[in-house]
Amino acid sequence: MPISAAEPLLAVRAVESGYGKIRVLHGVDLTIAAGEVVALLGPNGAGKTTLLRAVSGLLPVNAGEVHFAGRDITRITPRDAARAGLVHVIEGHRVFTQMSVTDNLLLAGYDLPRAERAVRIEQALSLFPEIAAKRRERGGALSGGQQQMLTVAQGLVRRPRLLMLDEPSAGLSPVLVDRVLNVIGQLRQQGTAVLLVEQLLEKALAAADRVYALVQGHIVLQAKTGESDLPHRLELAYFGHESHAQAAG
Ligand code: ATP
């Protein structure tokens, strides 16, 4: 569905979510434009993963709304979200180690027409030459970093309009981190929006157009990554010195 230039691709408005009676998100607002790369930063336990889960339908949204591509997806299932072009690569997702790399990718596109699926798998693999070279090997034969790349490639088979990546660099060597973040740059060039949860502040700032800082379930700062003094402001925000009022301005 086409959306107007003024309307964001993703709009999260006043979202509250959590686990049973435990409320983790306290009225979160966040937008992402088509083709924009946004980093979601914040200390451990801030609710970053929870927000991604609420957006992709893995967790119920208790209050507020989520709109994607002009459609209300507040109560969507993860499967329908993926079909609509919103793909969530979950933190620590494991590949099927007994299946080949190709079969792992085929599975990710299980509901696509066969010819279309083949094209998309080739496109996804073109971004990851290392795993393309190992396509016939078992998933378990890949290194940890390569398996992580495979999970991102699985997400790309869905050809998302928005790809949500939860700590794709976790456990990777610095070289592989750069490789994964480089892919984000390529996706941006292709017009794919990315919401990136990342612990590595500098890397996240280099990869993203804008950042949000989430602390204790509240967005306490949003900024363009080019803004001066941003690492310092983020540090203040993490430790509670940048007020919520400033964040709203
Ligand atoms: P990290 O960077 O450590 O992954 P995060 O910002 O992604 O942190 P979340 O994983 O969203 O934070 O966790 C937010 C809060 O929700 C934490 O207090 C956590 O203990 C709690 N939490 C997370 N998962 C569950 C769960 N399945 N059941 C109950 N509480 C949970």
Side-chain angles (χ1 to χ4, degrees), residues 1-42 45-93 108-112 151-152 154-168 187 191-198 208-222 244 247-248:
M1 190 194 301
I3 54 171
S4 72
E7 191 176 2
L9 177 63
L10 178 76
V12 173
R13 297 196 191 105
V15 159
E16 299 188 13
S17 185
Y19 305 90
K21 286 186 180 155
I22 305 168
R23 193 57 51 95
V24 174
L25 303 176
H26 305 280
V28 169
D29 292 303
L30 176 147
T31 60
I32 302 181
E36 191 180 30
V37 177
V38 170
L40 178 62
L41 308 170
K48 303 181 294 296
T49 295
T50 304
L51 179 57
L52 265 49
R53 286 180 182 149
V55 167
S56 66
L58 284 167
L59 272 180
V61 172
N62 302 114
E65 292 177 1
V66 182
H67 288 246
F68 179 72
R71 173 179 165 200
D72 185 340
I73 62 156
T74 310
R75 319 242 168 267
I76 204 165
T77 63
R79 177 184 295 203
D80 286 342
R83 285 198 176 132
L86 194 167
V87 168
H88 180 185
V89 177
I90 61 177
E91 186 182 16
H93 174 68
Y110 71 97
D111 57 339
L112 301 172
T151 67
V152 178
Q154 285 179 310
L156 293 178
V157 169
R158 306 300 316 179
R159 205 176 277 168
R161 296 178 74 181
L162 171 62
L163 182 67
M164 301 199 297
L165 297 174
D166 198 346
E167 297 202 34
L187 291 176
T192 307
V194 177
L195 178 56
L196 169 71
V197 170
E198 185 50 72
D209 301 305
R210 278 191 308 127
V211 295
Y212 287 85
L214 185 70
V215 177
Q216 293 181 359
H218 298 271
I219 297 289
V220 296
L221 183 148
Q222 60 164 304
H244 295 190

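Numbering starts at 1 and runs along the sequence shown.
- Across all non-hydrogen atoms, the minimal contact from Ala108 to Gln154 is CB-O, 3.5 Å.
- Put simply, CD1 on Ile32 and CG on Leu10 are 5.0 Å apart, with the number rounded to the nearest 0.5 Å.
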- request: Please step through side-chain contact (heavy atoms from CB on, under 4.5 Å) for the pair Asp166 and Met164, ending with a clear verdict.
  value: CA-CA 7 Å; Asp166 198 346; Met164 301 199 297; over 6 Å; no

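- Between Thr192 and Leu156 the shortest side-chain heavy-atom distance does not fall below 4.5 Å.
- You'll find the side chain of Asp29 stays beyond 4.5 Å of the side chain of Ile219, heavy atoms only.
- In this structure, the side chains of Val55 and Phe68 stay at 4.5 Å or more apart for every pair of heavy atoms.
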For residues 209-217, tabulate all N or O donor-acceptor pairs below 3.5 Å that involve a side-chain atom, not counting sequence neighbours.
| from | atom 1 | to | atom 2 | distance (Å) |
| --- | --- | --- | --- | --- |
| Asp209 | OD1 | Arg188 | NE | 3.3 |
| Asp209 | OD1 | Arg188 | NH2 | 3.0 |
| Asp209 | OD2 | Val37 | N | 2.7 |
| Asp209 | OD2 | Arg188 | NE | 3.4 |
| Arg210 | NE | Glu36 | OE2 | 2.6 |
| Arg210 | NH1 | Tyr212 | OH | 3.0 |
| Arg210 | NH1 | Gln222 | OE1 | 3.4 |
| Arg210 | NH2 | Thr31 | O | 2.6 |
| Arg210 | NH2 | Glu36 | OE1 | 3.0 |
| Tyr212 | OH | Thr31 | N | 3.0 |
| Tyr212 | OH | Thr31 | O | 3.4 |

task: Evaluate side-chain contact (heavy atoms from CB on, under 4.5 Å) for Ile76 paired with Leu86, printing each intermediate quantity in order.
output: CA-CA 11 Å; Ile76 204 165; Leu86 194 167; over 6 Å; no

task: Please lay out, stage by stage, how Leu165 and Leu196 fare under the test side-chain contact (heavy atoms from CB on, under 4.5 Å).
output: CA-CA 5 Å; Leu165 297 174; Leu196 169 71; 4.2 Å; yes

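- Heavy-atom minimum distance, Pro168 versus Val197: CD-O, 3.6 Å.
- Here the shortest heavy-atom pairing between Ala34 and Ala193 reads C-CB, 4.5 Å.
- With salt bridges taken as basic N to acidic carboxylate O contacts below 4.0 Å, one links Arg158 and Asp111.
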query: Given the rule in the side-chain contact (heavy atoms from CB on, under 4.5 Å) test, do Asp80 and Ile73 qualify, once you have shown the distances and angles that lead to the verdict?
result: CA-CA 9 Å; Asp80 286 342; Ile73 62 156; over 6 Å; no

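- At a threshold of 4.5 Å between non-hydrogen side-chain atoms, the residues Arg75 and Pro60 do not count as touching.
- Looking at Asp72, its side chain never comes within 3.5 Å of a backbone N or O of His67 through a donor-acceptor pair.
- Partners of Asn62 under the side-chain hydrogen bond (donor to acceptor under 3.5 Å, both in side chains) rule, at least two apart in sequence or in another chain, do not exist in this structure.
- By the 4.5 Å heavy-atom criterion applied to side chains, Leu40 and Val38 are not counted as neighbours.
- Within a 6.0 Å radius of CZ in Arg83, other residues, nucleotides and ligands contribute more than 12 heavy atoms.
- Taking the side chain as every heavy atom from C-beta outward, Leu51 and Leu30 approach each other to under 4.5 Å.
- In terms of the side-chain hydrogen bond (donor to acceptor under 3.5 Å, both in side chains) criterion, residue partners of Ser56 (sequence neighbours excluded) are, by chain and number, His88.
- Remark: the backbone N or O of Val66 is paired with a side-chain donor or acceptor of Thr74 at under 3.5 angstrom.
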